[in-house]
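Worksheet: the structure to be examined is printed underneath.
Owing to the predicted nature of the structure, the values given are computational and were not obtained by experimental measurement. Naming convention: chains lettered A, B, ... in sequence-line order (proteins, then strands); numbering from 1 in each chain. Atoms considered below: every heavy atom in the structure, side chains included; atoms not considered: hydrogens, waters and symmetry mates.
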Amino acid sequence: GQSLEQPSEVTAVEGAIVQINCTYQTSGFYGLSWYQQHDGGAPTFLSYNALDGLEETGRFSSFLSRSDSYGYLLLQELQMKDSASYFCAVRAPSGGGADGLTFGKGTHLIIQP
Amino acid sequence: DAGVTQSPTHLIKTRGQQVTLRCSPKSGHDTVSWYQQALGQGPQFIFQYYEEEERQRGNFPDRFSGHQFPNYSSELNVNALLLGDSALYLCASSLERVSAEAFFGQGTRLTVV
């Protein structure tokens, strides 16, 4: 099976930078995804890392170290609208050949003015 | 281009009843996955459908079943409802069954009383 650990809550100031960490344990591994979910909304895809290194998409960046089973999401120039829950999710192979995502419990990001 | 649509948005059922939830995937997507999200938790993978077949299943009892139609839309059925089945049920579609990016619908909020 798979398990993921991420902090339950992080607080940051508007305009600052925040990093949300994720460690995982899997029996196989394709890649690590990050999703954002506002209260009452649907999860929306932010990024995906299959290989080691940093992927940058605008104000958001995501990092993966496969050898450390570790990744993080970096949010820069924080805005109030970034207040949301952030989930890391692992794609891993299964016997059926298809693969659903295994999600962490989520990190609630609180942005203060 | 419509995204993933789910119906109904909210539903109240009595313990022991049966429920059917529906999902239309994003145009062109052929793979549909279903997730259960309890309050304050991350989505938990129920199962995935591709080419009208269940390809992978998470740790959910047989009371949870599904179907995919030739137009790629999907249904989730839950029999003998328990109070613990109360949750947000999310449908996600992707272009390929191993796609890194899943598009989620707004979900169906199921309350079992």
(request) Please report the closest heavy-atom contact between Ala42(A) and Gly105(B), naming both atoms and the distance. (result)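 Closest heavy-atom pair between Ala42(A) and Gly105(B): CB-O, 2.9 Å.
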(message) Between Tyr49(B) and Phe64(B), is there shared hydrophobic-cluster membership here, with clusters defined by ILVMFWY side-chain heavy atoms closer than 4.5 Å?
(response)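 Yes: a chain of side-chain contacts under 4.5 Å links Tyr49(B) to Phe64(B).
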I'd like to know whether [atom1] of [X] has more than 12 heavy-atom contacts from other residues, nucleotides or ligands below 6.0 angstrom.
X        : atom1 : result
Asn71(B) : CG    : yes
Asn59(B) : CG    : no
Leu39(B) : CG    : no
Phe47(B) : CZ    : yes
Leu82(B) : CG    : yes

Is there a side-chain contact between [X] and [Y] (heavy atoms, below 4.5 Å)?
X        : Y         : result
Phe87(A) : Gln37(B)  : yes
Ser33(B) : Leu101(A) : no
Tyr35(A) : Phe104(B) : yes

(message) Out of Pro43(B), Gly107(B), Gly42(B), return the one with the most heavy atom pairs under 4.5 angstrom to chain A.
(response)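 Most heavy-atom pairs within the cutoff with chain A belong to Pro43(B).
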(request) With rounding to the nearest 0.5 Å, note down the distance linking NZ in Lys105(A) to CD in Gln44(B). (result)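 Going from NZ on Lys105(A) over to CD on Gln44(B), the span is 9.0 Å.
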(message) So that I know where these two stand, are Phe103(A) and Tyr35(B) an aromatic pair - ring centroids less than 6.0 Å apart?
(response)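 They qualify: ring centres under 6.0 Å apart.
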(request) Counting only heavy atoms closer than 4.5 Å, note whether Ser33(A) contacts chain B via side chain, backbone, both or neither. (result)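 Looking at Ser33(A), just its side chain touches chain B.
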